[in-house]
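See below for the structure under consideration.
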Amino acid sequence: MEIAKNIKIIDNLQCQLLSLVSQLFLSMQNSDMTTAERAEILAGIEVILYLLSEKLGVSCKTLDQKAMARIKVGILKEESNEEWKNSLLGILHHLENRI
């Protein structure tokens, strides 16, 4: 019974994530959507990702650590331009302050 419940929750989270990503893409085409509205969509995506990771057995801390490792690889890649590297550094510092 518990397994079926978890599967249903995971399916629901997947649907919510897909819906939010769709809303984000539509918002990027819609010039009259405010930055605050886009921030709400992105925040929703972030929350769903954390909930989904927990349901799949990955802690929030582990998710952040994996993200930081990917960011570090992105910073070290030679083909990354300076603006991209600076953006990644900003995200890395943000994540380091959260952990």
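- Summarising the hydrophobic clusters (Ile, Leu, Val, Met, Phe, Trp, Tyr; side-chain heavy atoms under 4.5 Å, direct or chained), the residues clustered with L26 are none.
- Distance OG/S59 to NZ/K66: 10.5 Å, rounded to 0.5 Å.
- Scored by the side chain to side chain contact (heavy atoms under 4.5 Å, CB included) test, T34 finds A36, E37 as partners (sequence neighbours excluded).
- With sequence neighbours excluded, no residue satisfies side-chain hydrogen bond (donor to acceptor under 3.5 Å, both in side chains) with S22.
- In the hydrophobic clustering (ILVMFWY side chains linked at under 4.5 Å, chained through shared members), V73 stands by itself.
- Rounded to the nearest 0.5 angstrom, D64 CG and Y50 OH are separated by 3.5 Å.
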May I have the list of side-chain donor-acceptor pairs in residues 4-16 shorter than 3.5 Å, sequence neighbours left out?
from : atom 1 : to  : atom 2 : distance (Å)
N6   : OD1    : K55 : NZ     : 3.1
N12  : OD1    : Q16 : NE2    : 2.2

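- For I71, the side chain to side chain contact (heavy atoms under 4.5 Å, CB included) test picks out I75, L88, I91, L92, L95, with sequence neighbours left out.
- Closest approach of I41 and L20 over heavy atoms only: CG2-O, 3.4 Å.
- Residues passing the side chain to side chain contact (heavy atoms under 4.5 Å, CB included) test with S19 are Q23, sequence neighbours excluded.
- Closest approach of M33 to S27, counting heavy atoms only: SD-CB, 2.9 Å.
- L49 meets the side chain to side chain contact (heavy atoms under 4.5 Å, CB included) test with L17, I45; sequence neighbours excluded.
- Under the 4.5 Å side-chain heavy-atom criterion for Ile, Leu, Val, Met, Phe, Trp and Tyr, V21 and V47 are members of the same hydrophobic cluster.
- Contacts classified as salt bridge (Lys or Arg N to Asp or Glu O under 4.0 Å) and involving residues 41-52 (residues at least two apart or in different chains) are given here: E46-R98.
- I48 and L56 fall within a single hydrophobic cluster, where Ile, Leu, Val, Met, Phe, Trp and Tyr side chains are chained together by heavy-atom contacts under 4.5 Å.
- One distance of note links CE of M28 with CG of L24; it measures 5.5 Å at 0.5 Å rounding.
- In this structure, the separation between CG on L42 and CZ on R38 is 9.5 Å, given to the nearest 0.5 Å.
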